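These notes concern the structure reproduced below.
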Amino acid sequence: MFKNRKAWLIVISSLISLVIITALGVRSDLIVLDPKGPVGEIQKDLIIFSLYFMLAIVVIIFAVFTFVIIKYRNRKNFNDRDYDPNLHGSTKLEIIWTLIPLLIVIALSIPNAKALYDLKEAPKSTAHKEPIVIHATAVDWKWIFSYPEEEIETINYVNVPENHPVLFKITAADSMASFWVPQIGGQVYGMPGMVNELYLQADEVGTYEGRNSNFTGEGMAHQQFDFVALNEEEYSSWVEETKETAPKLTEETYQKLMLPDTAERTTFSSTHLEFVDHGLNSTYALKVRADHGLIEEPIEDNEEGSHENEHSNHGSHAHH
């Protein structure tokens, strides 16, 4: 029918690909689109909004593209008045194609900026409850969770009560990592010598997969943890039982965790915060590795800088 069949093949194949991608994108087994908490719900809404918004843009672009190749195709009885190859410059068109990207950026920025501010506070649905504070520390290649108020520390799993806000203070002992629980919320980076804060909440009892989503070496694929939401009674029982039966965490045991390797799920009835805070001390793990001959001796921390970090990273939540 048309002389230039390649253009039509491109259009048709692109539309088919678009339909397939859209169909795959709404599958229910994509856990990031099946949130179990208010933070994950906000992030899911942003993802869906962005997908539909960009899909609408793609549809409009393909519609204009189709119109252009039909109207200006090389065909019999083509009227030269339909096309002016010497046309140069159009103030109207330049204004249009400058304004469109600007409006797109504004439309995407407003809901994202609003969500960013909303996520800096505890979920509104449980604002009357005092958040549980948990320090999440990434180490190659494991996750360490410290409950300073309960004096509990867990390796590669974290227990929280359902329908209760949790303030995670995220840092790292060595490589920069990204804390992410797809069905609950994230991602937030953890870096040595500083602390980033993240409020999360699970609305349903269950075990959710957490991970480091930032590449940190060969063991990164195994740097996962279980985010376990318990009911209030089960959580309280776990806290009491752990305090009574779990062993104390010694610095010697903790130093072994600083070595680059995976680790099993473990529970202790004290925390490493008694002898080191990686949010203030960025070289602790490196010194341990240097003592074991794995690396060279690291440069000493700047004590004044550490105090500045303590004020900037912890001051806003000192009451916790």
Side-chain angles (χ1 to χ4, degrees), residues 31-32 34-44 118-139 142-172 177-190 195-213 223-246 249 263-273 279 314 317 319-320:
I31 57 176
V32 73
D34 183 27
K36 302 299 181 183
V39 176
E41 190 70 36
I42 291 174
Q43 294 177 337
K44 184 206 77 171
D118 289 342
L119 295 178
K120 283 187 173 293
E121 304 293 335
K124 295 179 181 179
S125 60
T126 54
H128 58 286
K129 297 181 180 180
E130 186 70 15
I132 295 173
V133 178
I134 300 177
H135 291 247
T137 305
V139 190
K142 58 196 76 76
W143 283 97
I144 300 173
F145 298 95
S146 308
Y147 301 68
E149 296 173 1
E150 291 82 1
E151 296 185 349
I152 291 174
E153 184 144 307
T154 61
I155 312 298
N156 288 338
Y157 81 97
V158 57
N159 286 351
V160 302
E162 67 169 331
N163 293 319
H164 198 111
V166 181
L167 173 60
F168 283 94
K169 297 193 172 187
I170 303 164
T171 186
S178 180
F179 179 90
W180 187 31
V181 187
Q183 285 188 277
I184 306 298
Q187 311 167 46
V188 172
Y189 284 112
V195 177
N196 287 322
E197 297 182 346
L198 172 67
Y199 282 100
L200 291 180
Q201 177 179 308
D203 288 343
E204 295 182 20
V205 171
T207 299
Y208 307 100
E209 179 184 309
R211 67 190 69 172
N212 167 27
S213 59
Q223 194 172 357
Q224 302 177 353
F225 63 92
D226 289 332
F227 185 101
V228 185
L230 307 170
N231 61 46
E232 292 280 357
E233 292 182 1
E234 289 177 333
Y235 177 77
S236 298
S237 298
W238 172 77
V239 169
E240 294 302 321
E241 182 180 354
T242 300
K243 287 182 177 181
E244 294 176 2
T245 62
L249 175 63
E264 300 294 329
R265 283 179 48 143
T266 318
T267 310
F268 300 98
S269 57
S270 62
T271 77
H272 73 265
L273 299 174
H314 297 273
H317 289 278
H319 63 281
H320 293 305

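These numbers come from a predicted model, not from an experiment.
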Task: side chain to side chain contact (heavy atoms under 4.5 Å, CB included) assessment of E153 paired with I144 - done: CA-CA 7 Å; E153 184 144 307; I144 300 173; 3.3 Å; yes
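Results of the ring-ring contact (aromatic ring centres under 6.0 Å, His included) test with F145 over F227, Y157, F268, F225 single out F225 as the only residue that passes. Tested against L198 for a side chain to side chain contact (heavy atoms under 4.5 Å, CB included), the candidates L119, V166, I170 yield a single pass: I170.
The backbone N or O of N163 sits nowhere less than 3.5 Å from a side-chain atom of D203 that would complete a donor-acceptor pair. Judged by distance alone, with hydrogens and angles left aside, the side-chain atoms of H164 form no donor-acceptor pair with the main-chain N or O of N231 at under 3.5 Å. Not one N or O on the side chain of Q224 forms a donor-acceptor pair closer than 3.5 Å with the backbone of E209. E232 places no side-chain N or O within 3.5 Å of a backbone atom of P161 that could act as its donor or acceptor partner. D226 places no side-chain N or O within donor-acceptor distance of the main-chain N or O of T207, the cut-off being under 3.5 Å.
When all heavy atoms are compared, the tightest approach of G190 to A172 is O-CB, 3.4 Å.
One distance of note links CD1 of I134 with CG of L167; it measures 9.0 Å at 0.5 Å rounding.
Within the 4.5 Å cutoff, the side chain of S146 has heavy atoms near those of the H272 side chain. The side-chain heavy atoms of E150 and I132, taken from C-beta on, include a pair separated by under 4.5 Å.
With sequence neighbours excluded, the residues satisfying ring-ring contact (aromatic ring centres under 6.0 Å, His included) with F168 are F179. The ring-ring contact (aromatic ring centres under 6.0 Å, His included) check on Y147 picks up W238, with sequence neighbours excluded.
S270 and E151 share no side-chain donor-acceptor pair at under 3.5 Å.
Residue Y189 places its OH atom among 12 or fewer non-hydrogen atoms of other residues, nucleotides or ligands, all under 6.0 Å distant.
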